[in-house]
Structures are given as structure tokens and as C-alpha cells.
Amino acid sequence: MKFSDFNLKETIQAAITEAGFTEPSPVQRDAIPLILEGHDIIAQAQTGTGKTAAFGLPAMSLMKADGSVEGLVIVPTRELAMQVSDELFRFGKLSGLKTATVYGGTPYGKQIDRIKQASIVVATPGRLQDLLMSGRIKINPSFVILDEADEMLDMGFLDEIKNIFTFLPSKRQTLMFSATMPNGIRKLAEQILNNPKTVSITKSEKTNTKITQLYYVVQERERDDALVRLIDYKNPDKCIIFCRMKKEVDRLVAHMTAQGFKVSGLHGDMEQKQREVTIRAFKQGGIDIFIATDVAARGLDVNDVTHVFNYHIPFDSESYVHRIGRTGRAGKSGEAITLVSPNELRTIKKIEKDVGTTMASQVIPTRMEVQNNRSDELIAKIADTKVTDKAIELVKTLQHDLDIVTIAHLLASMIQSENSVKGKDNIGLGLEEIALLMERAMQQRGNGGGGGRNRRRSGGGGGGGYRGNRSGGGGGNGRNGRNGRSGGGGDRNGRSGGGRDSRNGGQGSRA
Ligand code: ADP
Ligand code: MG
């Protein structure tokens, strides 16, 4: 079916088209008509199944945009509030529906101003309760939505939620969304919903079959090495590593950073500002590896997460489902990889049973396999690369001094050594990038210096290095590059620094 079958308001339909959504997800397919008919609903569907649009589109389609607050969405965390708010804004902007985001830890004044101008308020329970109880805001929404209701109860917000409802009009449409339906949720539903219709996405639809699930058995002391090896091997574009505890997050961030990866940690103790910055960097691709606790990463909607790693298996099946739901979103495929020690094997079996899937047991790749995998990828990548005019020019220039086979050998050595360093930056060089490397090498042979081109990561210019914090720039004492050859110059491909000379151990006098 198509979105246009729902007969949503024209401006909403236009926003859907603009967002590039073509087919409604199962929960959207079932929930949207019911909401349009005016029913209260209680809907169960996993994360990543498009619940925001499932309530947002029909509710917004029914809104008048009369300047009053017509919709209230209550969500468990600040991150989710921002995320849901962004998504709703995107659908509502053509209809003149503004959103306001309300959460704790920031000044009241601005939030209150925004609420006064908004049609939809997206709020966390604590701050919302504050605002209502103190009389700072009065709202009369016709739609009230509880998003990730199970999570809110888990976080102990039941009393706040009940209290909030005493401030809301009794004539309203209430929509409750939850990934799971424990008793507490059903009870709450009885209290706040009026003759609700139930939407439940069946198991087969629920389990995202686009997520490949694997596990690796490791000894406890091998855990860190296994993780690093697997990340090298899988070479994820973007991944989240889940830990059980904040302490573990901090330790792993230090460990992986020391290994030269560019990583960021996310946990509940972080300052709000810092969290926002971190999440944005991850979304925008400045950081490729995120290390997080469950709570911190709940509901995070980051597209293009290719891999989820469970550093430890989570305590329960719910968390497992939540975690792996960070990948394989919006119809993309993903891989979920769990490290287990032999005495955690029973937990794996239990989760498989609960979730109704099987995970394939795998063996940690050897160093050689990691290498070979990288070469294969590289060869495939090279085969796929379009030859640019610039590259042709470069080769021509090089041919003044060198014969073509030597040029090929040099280039191959260059990318091969890139390839031997872990991390995505060092692989996947297309000819275009080789051309750039060569260009820089040539320049530096001529006049020294030369900054770095930097597509995505930090550490351009003179400093920098792999993943921004790998080899460090200048110097060239032969130790700050992973291969002891850092040379100077430097960008993410830092070692082109000294052109050919730097291959012999980095005198690295440049830059
Ligand atoms: P949930 O709340 O169930 O975890 P979200 O509402 O956050 O899921 O949606 C997950 C992602 O899928 C978002 O990036 C959203 O824009 C996208 N999405 C939702 N519905 C569709 C659809 N019908 N087609 C394509 N992408 C969609
Ligand atoms: Mg959601």
C-alpha cells in the first residue's frame, strides 16, 4: 500500500513525499487509519519500525494549526525528545505546525516561550510535570501520545505520568506506544485510554530479518582484543558498542582510543551539552564508533548504523532487542555481534528463545583473515573506482621519472600499508584518493608541506593522522605513526607526508 491511500492532509502527504517515504511500515499501516478515525490506541512494535510517523502523521493531519498546543508527546529521555521533535517538525512544517522540545537541565524561559508558539510539545515527564504543576504552562491538547511507554515505566516515571494526566483535558485522543507490553503498561493503559484499539505487530514482522545476528565465544581476558579484531575485520561504517556499565564505557573509550580508533562514549553521567554534541557528531559521521550504555542509547535514531556490537551480552532479552534495533533501520541491513564468555552461553540460548531467532556462532578471525579480508575489500573497491582525469594527469606526471610498473608498485604499497592499519580510513581508497595522495606526495617532493584533505574526520592540516588521533602529525621520529613511519605532512592519510622518502622510516621534516 501507499501513504496516499490514507488520505492524509495534502501538506502532510507532501512532507511524506519529501521525506522519501514510499511504503508505510506495518505499525503505520495498522495505526494510521485507527487514529484518523478518532480511536485511542495501544500499539506494540519494536524500535526502528517507524512509530513516530505512525502517530505523528495522522495526528498532525487532524490538527488545525490554530496556534494552540494541539499535541503533546511524552517520551522517556531528552535525546528521544529531540529526535521525535525533529521528525515531527519535518512532517509538520508544510502544515504550519511548530514543535517545542521540553526537558530538564535547561532554563525554563526559552522553553516556555517555545511552547507558547508550538502546536506540538514533545516533553520528558519530569520537566513537563514541573511546568504543569507550577502553573507556568496551561495546555489543552487534543492528542496525547506516550512514546516508549515501557521505557518510561522502567525509568520510574509512573507517578509523574499519572500526575501529568490530571492536568490534561478529559476530552482527548490518547495514543500509547510501547516496544513491550508488561503488566504495568496494561494497567496504565486501562487508566488513561478510552476504549482503545490494539495494534500489535506480529512476531514475524517484528523481528527485523535484515539484521544478521552473530555471536563469538571468547575468554574473559580476550574480550578487548576480540572486539578490536572484529572491528578491524568487519570494518563497520558506523557502529555502536554496547556495554552494561558506565565504567566499562569509559574504560573501552580509553582502550580503543589508545588503539587509534576515533570513538566516543555516551552514558548517563555526561553533561547534557556534551551528549548532544556527541550524538550529533555520530549522526553526521564525524565519529564512527559509539560506545554506550543501554539507557543512554535507548531509542537513538541514527541512520546507517551498520553494526551493533555487544561487548557483553545484555542482561535480558528486551535490552538485546533494543540494542540490535539500532541497526537495520529504515529497511537497511545490519549486523549484530555479541561477545560471550563460555558461561554466558546459556544467556544466549535464552535470548534466542525469547526473541524467536537464532544467532550464528562464529570464530574470531585470525590476523591473517583480517588482512585478507581487507585486501579483498580493497581490490573490489579499486575495481569499482572510476578513473578521474586528475589521476590520469598524475600518472602522466609521474611517468616523467618512473616507469608505469614502478608507479603501480608504489601506489599498491602505499595503499597496502594503509590497509594494514586498522580502521576504515586506511582502506577503501579509491583511485581518486590515491591520486590525491600522489598529488600531495609530488607537491611535497617539490616544496614541502601541504595540508590534508579531510572528508569526514578531524585532524586535517598539519597535525592529524589516522582517525584524527592516531599517528599525530609532525614529528617523524618513526614512532608516532603506527607503522613507525609517520613522516610529516599529515591528514588522515598522514603518511604521504614525505612522499617516497617517508617510506624509509620517516625523517619527516616537513609540515
Ligand atoms: P521507532 O520509534 O519505532 O523506533 P522511528 O519512528 O524512530 O522508529 O523510525 C525509524 C526510522 O525509520 C526513522 O529514521 C524514520 O524516518 C524512518 N521511517 C519511518 N517510517 C518510514 C517509512 N515508512 N519509510 C521509510 N523510512 C521510514
Ligand atoms: Mg520511537
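We count ligands from 1, going down the list as the structure has it; atoms in each ligand are counted the same way.
- By the 4.0 Å heavy-atom criterion, Phe3 is counted among the residues contacting ligand 1.
- Between Glu87 and ligand 1, at least one N/O pair is under 3.5 Å apart.
- For Tyr320 and Asp354, the side-chain atoms include no donor-acceptor pair closer than 3.5 Å.
- Some N or O of Thr52 is nearer than 3.5 Å to an N or O of ligand 1, by distance alone.
- Across all non-hydrogen atoms, the minimal contact from Pro314 to Thr347 is O-CG2, 4.1 Å.
- With ligand atoms numbered from 1 in the order given, ligand 1 contributes 22 (C), 23 (N), 24 (N) to contacts under 4.0 Å with heavy atoms of Glu23.
- At under 3.5 Å, not a single nitrogen or oxygen of Ala53, backbone or side chain, sits near a nitrogen or oxygen of ligand 1.
- Look at Glu190 and Lys187 and you find no salt bridge, because none of the NZ, NE, NH1 or NH2 atoms lies under 4.0 Å from a carboxylate O.
- When only interatomic distances are considered, the shortest N/O to N/O separation between Arg90 and ligand 1 falls below 3.5 Å.
- Of the residues listed (Leu227, Val340, Ile337), the one engaging Tyr216 in a side-chain contact (heavy atoms from CB on, under 4.5 Å) is Ile337, and it is the only one.
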(request) Go through the steps to decide whether Glu248 and Arg251 satisfy the test salt bridge (Lys or Arg N to Asp or Glu O under 4.0 Å), and finish with yes or no. (result) CA-CA 5 Å; Glu248 238 163 44; Arg251 200 185 53 73; 5.9 Å; no

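- The side-chain tip of Lys238 points at the ring of Phe282 from less than 6.0 angstrom away and within 45° of straight on.
- No heavy atom of His322 sits closer than 4.0 Å to any atom of ligand 1.
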